[in-house]
Structure formats: structure tokens, C-alpha cells
A.B. asks: 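Shown below is the structure under consideration.
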Amino acid sequence: MEFSQQIAQYIITGLTIGAIYAIVAMGFNIIHNATGIVNFAQCEFISLGGMFMYSLAVLFKVNLIIAFFISMAGVALIGALIEMGPIRHARSKEIIILIFLTIGLSEILRGTAQVVWGTDNVGVPAFSGETPIHLPGGAAIVPQHIWIFAITVMVMLMLRYFFKKTLMGKAMRATAVNRRAAALAGISVNRMVLFSFAFSGALGAVAGMIIAPISSTSYDTGIMLGLKGFAAAILGGYGNFAGAILGGIILGLLESLGAGLISSQYKDAIAFFVLLLVLFLKPRGIMGYGESERV
Amino acid sequence: MNRRLLTLVVMVIAVSFMVGSSLCYSAEPIKIAGIFALTGRAAHIGTAQKDAVLLAIDETNQQGGINGRMLEMVMADTESNPTKAVMALKKILESQDVVAIIGPTLTGTAMAMRGFIEKEKIPTFMHSGGDVILKAPLDKKNPNSMPKWTFKSPYKAADAMGKICQYMNQHGIKKIGFIYSNEGFGKDGVRNVKVQAPKYGVEIVAQEAFQPKDIDMTAQLTRINAKGVDAIIAWTVGPAMGIIAKNIKQLGIKAPLFECHGAGDPIFWKVAGESGEGVMMPSTKIVVADQLPDSDIQKKMILDYVKAYQAKFNREPGTMVAYGADAAFITVNAIKKVGPDRAKIRDAIENTTGYVGISGIYNMSPQDHNGLSMDDIVMIKATKGGWKLLD
Amino acid sequence: MDLLLKQKDNLCFGILALVIVAIPVFVESKYYFIVLNVIGLNTLVVVGLNLLIGFAGQISLGHAAFYGLGSYFSGILTVNYGFPLWPAMLVGMLATGAVAYLIGYPSLKLRGHYLVMATLGFGIIINILMGELEQFTGGHDGLMGIPPLAIGGLTFDDDLKNFYLIWSFVFFFMLAARNLLNSRVGRALRAINGSEVAANSLGVNTADYKVKIFVLSAMFASVSGSLYAHYITFISPSSYDFHYSIQVVTMVIVGGMGSLWGSLFGAGILTFISEALHIAKQYHIIAYGVFLCLVLVFLPEGIVVGIYNLFLKRKTRKLIIK
């Protein structure tokens, strides 16, 4: 295999992984914009998406498309429940407390998933088969990768449309900028926060479901993906959607090229090291805008 | 009238209590501790082995126990964490009168527990895979300080690797690529393959690593393929087994794939799907028991156990179930022979020779607390959702 | 400091000393000792971490790295190079502090979630290095045969002796932390926690203090790590992953950020619960999560402060009714 073909493969692989990281990153961003916290339960949203898909598509033999949307709705519901219950009623609104509350909630979700589905990894059928496709340039992919790209782009476009053109989207953006002003304008802040958690759940589920046919899924698949999705969000500028995509792509490419060209053992170390360097040079992430602090 | 009835009732109760308690006392169970990874990253292996051990103990109890005393397993969870493993060990040793220990699952937890087990002098039959458990001396300054109370049921990972290389040699495979999971098991594989491959005239031209939780290995496989290999060995357990098989198919790599001796498990098909077709691996005979020649002395025992396992757990046993079962049976047999005495059990286990187990024929000795050899391993091929014995 | 508060504080230390000496009289089980010892080790890390999180208002999700560095420095120096035991611990502490300085200096310029990511990041990087640098660390198989600590003829090679050793360290380090908090440094930290900008404008060199307290918290963790290594005599990278980092920060929060005694209780309660919940078998993760959520939702100031506040509320209510 020629060197240029190898590079082509590394790039395609990096973009694929990057797309997943981007979707997860967007999930983190939505909640951050609405509440200012990091929702570590996002990791469980990813795992649950895959496991719901497994139960529906494999155990109950439901049609893949229907299973996809039901799983998405199911995890969105869980996200909403988390917000309506513990998060909204937490006596302290301090960010660090809420962050660790999400960690506690993720333990509950993960523990429950372990009891329900056990600890085994399970497979999910690919959306349209596994026949390899050989691209010009020498790289090879499978149909699932096309689905990953397509769905990521669709999600991007839908989110962009939603936040720019629809009333609810604008209301959510308003809440993110200034809660009090939004409330004064008649926006139900509680409802906006609720929706942001539901959205985030749906996004996490999507990420988990589109990668499951390739990497299989289990009760704790989402931990590493969630962590890297968070890294991608930070890299691109926390809260910034274009940043999420940029961060995801860069992180995915770093991993893939790092493994292919430098060292597969240190691949993660290299990726995180670069992340740290970027943060030291650009403390708000690549596209992050400065956050103003009230003094 | 009421008073007399009451007295009668009380007497009956008192007598039955006395009789009952004396019965219970004489049938006091023999306790064995089972320490497994029931949660955490090795949970799926630990749970499977726990089931295997439980089945063995159940079978023994159904046949009347040991001299009328039932076996009782006291369980603890290492949480796949060495510190927690030591805590679990201490808890068991404190609160229960156990005569032997079976487990743990992960080599890291095994190594943490080893020192305390040797000090406490309790026979422990481990089913963790790392050869280092028996090879590493207890005291670095004294290279001859081998563990006396620790035994291990899985065959040496070195032998498993040797079996693959031997097969490769017999089938004209000269140059290979080695991809491994970047943690204890995978790295152990690197050490082993570097020793075994040259023995069989096989050259390692490419070596790549990945993180256990990675979702895509195409970069590493591309690099391996670029060096022109005749075959690829993937040394890992877990979802990566399937991802690598899928990636190889995706990249159109024609070189055959060999996986490790833990791959022979139903979970392989779950994670690999159609891409698992044709992958070869070393394994215990448990997954191909029905394909064994009738002349194989292990065949009947394995078939009986497999049937019981399927009946109880409603699933097929994977290759690692064999380790748990053997650890349990050998320990139980030792207790049957010498009674519930820790030192005697240890001696009895150490003197187990010619034992027809599921993983193989065990011939233990003071120098060899494992007792298996390369002859106990078979090469199998994954095909059509099941396994085929290769000769 | 308020004299009454100081007296109460001294009383608490006195009680702690008494408890430490008295426990072995009542407890015989080796299992309880190892649980208490792990609590002690965790407390040591959590106290240092609390200085950073609770008092200086920063965060670190990578402290497992410093705990691990302490273990590995002690382990590598004593096993591979035959270093004497106590100097090895000291060298480990200083070396870990140096690493913390190198990481902390650029990292602590970051704020909020970026700091979270940076600390997560270096925690992961160091954990990877522990596994990769095999010639020194023994790689993923771990490092074994670490000698137990000893003073003169007394070797700390069982649970009871390690209990005294570890808890003596806890006692003295908590005392040191208390004295630090009552000094100029402590007041500077509280100022930074209140408002960095205000503190800066008052002449407090916030960047300097933040890094220093980060280094100090790393050194606390390092000492604890060394004690762990000599106690269990075997270490491996899997003990120092980000799960541990999250665990210790959880202990800080549950105990009460900014409460020194809270650190002790946080470490104690969470370690104890994590073990006790094994009764729940496979539900123990869920049970632990539920406990955590309950505390964070209803007692966010931490258990110690939260319960104290509840008493205060009752007292004031009684006074009002009167």
C-alpha cells in the first residue's frame, strides 16, 4: 500500500471518529449553554442509546429506523427526567455541585444498565450492510461510515436551523445568554433547561447508535467516548457549535494520524498533549469567545 | 387443658430445635471463597467464571457434598481494582472460615492479592491469565522464592502463543503483524510473541498497539498491512476482538487473522458479526467438545459439563469457563481427599497429577503450579456462528 | 481567629488523637483495619485537595496522577535502585511537587471547564506513561515487592502497624493544613476564593498562590501514595485512573468544601459506604449513586456542614418560638 493511500485511510478514519466526537461535543455544548455545567451523564446517554437500539433491533426485532427513533426518544426522556428531578431540585446551584450531581446520576444510570443488560458487549446490525467500499485515493470504508457522516451533517444542519430560525431555538439561545432577561421576556427558563437536557440525551443516543454497529456496545461504552467528546468541545471552544465540529474533527484526526504516523501506544497521550498545548495558547479553545465574569 | 397443650407445644418446639440444630451442626457447610471481578472493566469475564465455579460446586452438592457436608461459596467482588481486591480478600479471611479461595479474574488484582495469600497461608486457585502470577518471585532479592499457596488454572499464555506460531509454521506463514491491546494482557502477548515466533521460524515485521476502549483500529491495521504480512495476530479480549475483525474486512486485507486464547466465546460473534468468519485462535476444548475424537479422554467429561452449563445458564460456555470449572473441581477434589484443612488441601492440589480437566490434563508439581502444556490447547476456527476444530 | 473556635478546633484534634489511639483496643478485625487505613490514605489526599478546591476555589480532576507519582517514585527508588525508604518518600514528594509546578503553572491560568479539561488531560497522560515506561514502572503488570516502611527495628508490615503509621501522618498533615489556613496564606486563599479580581486588586498575587497551593495539594497526595505503596507492596497503573481522581473530589464535596474536618468525614463516609454497599451485590453501583445524589441535592454544603446547619436552624427556630 502506498504511503499516500495510507494517509488517505488515516484521514478518513479520523474524520469518522471525529464526527462521533462532534455529536457528543454538541450534546455537552447544549447543556453548557443552558445551565453552565458539564453534564457527565452524557456518557451514559451514549451507552443507553446503543443498548436501547440493541434491545429493540436485536431482541425485539423492531425495524431499524423505528428502533432508532424510539431509542432517541427514550434517552431524551431520561435526560428530561434527570433535569426535572434531581437537577432542578438541587438546593445548591453551584456549578461544581451540579457537575458532581451529574456524576452521581451517571453512576445510577450505569449501575441500572449493568443490572438490566449485564456486562457483555453486544452487537447491533449495521444500517445497510457491511460490504466494504473502496474510495478513490486508496481508503476503504463501510456503509456505516457513510451513515455516520450523513447523520452528523444532518444533525448539524437541523441544530443550526433550530437555533437560528425557530422560536424555541431562539428562546433557548436567549436563556443561554441571560436567564433573567429571558424570564422577563416571558420565556419559561425551566422549560428551556428541560429541553436542553432532552436534546442532549437525544444527541448522545444518536452518537451511541451510529457507532454501535462498528464497535459493539455495552453498559459502559460511553465513558471514553464521552470524555473525548468533552475534550473536543473544549478544544473547539466550550459552548460554540462550530467549535464542537472543529474540535471533533481535529481530535479524531490527531488520534488517527498520531496512531498511524507516530506511535499507536502513545496515541491518546499525544492527542491530550496537543489539547493541553492548545489550551495553554488559547485558553478559551480554538473558537471560544471570552467569558465575562461578574466581579 | 390450655396449660397442658401449651407445655406440649413448647416441648415439641424445644425438642425440634435441639434436634434441628444438632442436625445443622453436623451438616455445617464447608466454605470456599470466590473472589471475582463482578463489576468494573473485567465484569463480563468475572461473571462468566463465577457461574462456572458455582455450577461445579452445585454439581458436587447434588452428589451429596463432601462427607455429608455441603459446599458453600462465599463471594466477593474485586471491582476489577487491585486495592478493592485486597480489601475483599481481607474481609473474606476475617469474617468467614474459608478453607480455600478461587479467583480472582484480572492479573493485576491477582498480583496485589498474592503477597497476602502467601502470608496468610491459604490455598488459592487463580484463573487469571497472567503467567507472571507464578513466574515472578515473591521477593525480588530471592529469585527462588516461588509462590507456594497460589495455583493457576489457565494454561500459560506463552503456550497459547506457541500454538499459534506452530500452526503458522505448519501452514507456511512467515511474516506477521502483531496488534495488541495496550494493557497487561496485550503487553504480555508482545513479550510472548517475541519469544515464540522465532522458535517456529516466524518473523514479526509489524507491531502496533491500541487502547482497550478504542473504537477503530484501521490506522494501525493499515500500517501493518503496508509492510506486507502473511497473517495478523490480534492480542486482546473484549469488543476490540470484533472491531479488528471488522476493520480487516473493511480494508480488504487478505491476510488471515489469529486472535488470542480468550476469543473462543459467544461474545466474539456478538462483537464481530459476519466479519468473524474464518478467524482462528487457540482455545480450550470446551467449545468444540462434540468435534473431539471419541478416543479423547476429556470428551465425555467436557460434554457433560457443557450440557449442565447450557441447562443452567441458557447459553453456550466460552473458553474461559473451562478455567473456572477446573479451578473449582480440582479444589473440591482436594477437599474430598484430605478434608477441610488448608495445608493439606494445598498439598493435595500440588500433588494432582493426571487429572482429566476441561482445560486439559493437569500434572502439578512443586515447581509447576499450573500443570498444563501446549498439548492441551487446540486450534479452532470461527465459522458460521460456531467453532470448528482445526487439526 | 476566634478564641472559641480555636478551642473547639483544638478539642477536635484532641478527640482525633484519642480515637486513633483507642481504636485498636476495640477493633480486632484485620478487615476493619484495612478499611480504616484506606480511609486514612484517602483523607490525606482529600485534605490537600480541599485546600485547592474548597479554600482556593480551583478544581483538579487529575489528582490520581500525583497520588500515583508518589507511589511510583517510592516504589521505583526503593525496589529498582535500593534507595533508603524515608528519603525515597521525601524525594517522591519533592519530585511530584516539581511536576505539579510544571503542570500547574500554565494550567491554573485557565478557568472553569477549561481547567477541568486540563487536569483531566494531564491525569490521563501521566496514567498512560505509568503503563508505557516499562523499564522503570514495570508497565501494566505493575511493580511488586515494595518493602514496607521501617523505623529502626520496627517494620510496618501489618495492618495494625500501618494503621498507626498512616493515621499519624493524617493527624500531623491535618494539623499542618489547619495552621496554614489560620495564617496569612489561609486568608489569601479565602480572598481568592471569594473573588480573584478583588484579591488581585488588594495586592494578593493570585497566580502565585494558586500554583503554590496546587503544588502543596500534590505533595499531600504524593505522601499518601508513598504510604500506599509501602503498605500494599504492589502498585499498578489501574489504581491511578480518572475514576480515582473523581472519587477524591467527590469526597471533598460530600465532606464539605472548605471544611477541614469535612475532608475526614467525606473520605470516611464514602470509603465506608463503598465497601458496605457490597451487601447490595450487583446493585451496589446504583446504591452508591443514589447516596451521592441525595447528599448533593439535599446537603450540598457537605455532610458535616449540612448537618451542623440543620442543628443551627433548629436552635434558631427554638429561639424564635421562645
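Letters go in sequence order (proteins before strands), and every chain restarts at 1.
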A.B. asks: Does a sphere of radius 6.0 Å around NZ in B:Lys312 hold more than 12 heavy atoms from other residues, nucleotides or ligands, not counting ones at 6.0 Å or beyond?
C.D. replies: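 Yes - once you tally the heavy atoms of other residues, nucleotides and ligands closer than 6.0 Å, there are more than 12.
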
A.B. asks: Would you find more than 12 non-hydrogen atoms of other residues, nucleotides or ligands less than 6.0 Å from A:Asn63 atom CG?
C.D. replies: yes

A.B. asks: List the atom of B:Ala219, the atom of A:Ala259, and the distance in Å for their closest heavy-atom pair.
C.D. replies: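 Minimum heavy-atom contact is CB-CB, 4.2 Å.
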
A.B. asks: Closest heavy-atom contact between A:Gln6 and B:Thr222?
C.D. replies: CG-CG2, 3.7 Å

A.B. asks: For A:Tyr219 versus B:Gly40, what's the shortest heavy-atom pair and its separation?
C.D. replies: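 Minimum heavy-atom separation between A:Tyr219 and B:Gly40: OH-O, 3.3 Å.
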
A.B. asks: About how many Å separate CD of B:Gln211 and CD of A:Gln265, when rounded to the nearest 0.5 Å?
C.D. replies: 9.0 Å

A.B. asks: With a 4.5 angstrom heavy-atom cut-off, which part of B:Ile179 approaches chain A: side chain, backbone, both or neither?
C.D. replies: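 Neither part; nothing is under 4.5 Å.
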
A.B. asks: Below 4.5 Å, heavy-atom pairs only: which of A:Ile141, A:Thr131, A:Leu225, A:Val58 has the largest tally toward chain B?
C.D. replies: A:Ile141

A.B. asks: Are B:Thr39 and A:Gln114 close enough that a side-chain donor and a side-chain acceptor fall under 3.5 Å?
C.D. replies: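 Side-chain D/A pair, B:Thr39 to A:Gln114: absent.
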
A.B. asks: Please determine, among B:Gln220, B:Lys246, B:Gln207, B:Glu274, the option with the most heavy-atom pairs under 4.5 Å with chain A.
C.D. replies: B:Lys246

A.B. asks: Chain B heavy atoms under 4.5 Å from A:Ile214: which part of the residue, side chain, backbone, both or neither?
C.D. replies: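 Both parts, backbone and side chain.
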
A.B. asks: Roughly how far, to the nearest 0.5 Å, is the OG atom of A:Ser215 from the NZ atom of B:Lys213?
C.D. replies: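 Those atoms lie 10.5 Å apart.
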
A.B. asks: Between B:Leu221 and A:Gln9, is there a side-chain heavy-atom distance shorter than 4.5 Å?
C.D. replies: no

A.B. asks: More than 12 non-hydrogen atoms from neighbouring residues, nucleotides or ligands closer than 6.0 Å to CZ on A:Phe273, yes or no?
C.D. replies: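 Check fails, neighbour count at 12 or below.
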
A.B. asks: With rounding to the nearest 0.5 angstrom, report the CD1 to OH distance, B:Ile215 to A:Tyr21.
C.D. replies: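 If we round to the nearest 0.5 Å, B:Ile215:CD1 and A:Tyr21:OH are 5.5 Å apart.
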
A.B. asks: Do you know which of A:Asn121, A:Ile12, A:Thr16, A:Thr13 has the most heavy-atom pairs under 4.5 Å to chain B?
C.D. replies: A:Asn121

A.B. asks: Between A:Pro125 and chain B, which part of the residue has a heavy atom less than 4.5 Å away: side chain, backbone, both or neither?
C.D. replies: neither

A.B. asks: What I want to check is whether the side chains of A:Ser264 and B:Glu208 have a donor and an acceptor closer together than 3.5 Å.
C.D. replies: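 Yes - a donor-acceptor pair under 3.5 Å links their side chains.
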
A.B. asks: I'd like to check A:Asp120 versus B:Lys270 (side-chain heavy atoms, cut-off strictly below 4.5 Å). Are they in contact?
C.D. replies: yes

A.B. asks: Looking at A:His134 and B:Leu251, what are the two nearest heavy atoms and their distance?
C.D. replies: CE1-O, 4.1 Å

A.B. asks: For B:Arg223 and A:Ile262, work out which heavy atoms get closest and say how close.
C.D. replies: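 Here B:Arg223 and A:Ile262 meet closest at NH2-O, 3.9 Å.
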
A.B. asks: Is it true that, when you exclude A:Ile65 itself, more than 12 heavy atoms of the residues, nucleotides or ligands shown sit nearer than 6.0 Å to its CD1?
C.D. replies: no

A.B. asks: Run the salt bridge (Lys or Arg N to Asp or Glu O under 4.0 Å) test against A:Glu255 and tell me which residues pass, sequence neighbours left out.
C.D. replies: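 Salt bridge (Lys or Arg N to Asp or Glu O under 4.0 Å) check on A:Glu255 returns A:Lys228, A:Lys267.
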
A.B. asks: Please confirm whether the backbone N or O of B:His44 pairs with a side-chain atom of A:Thr119, one donor and one acceptor, at under 3.5 Å?
C.D. replies: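 Yes; judged by distance alone, with no hydrogens or angles, the pair exists.
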
A.B. asks: If only atom types and distance count, is the side chain of B:Gln250 paired as donor or acceptor with the main-chain N or O of A:Ala140 below 3.5 Å?
C.D. replies: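 Confirmed, B:Gln250 side chain pairs with A:Ala140 backbone.
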
A.B. asks: Quick one: pull up CG in A:Asp268 and CG in B:Asn182 and give me the separation to the nearest 0.5 Å.
C.D. replies: 9.0 Å

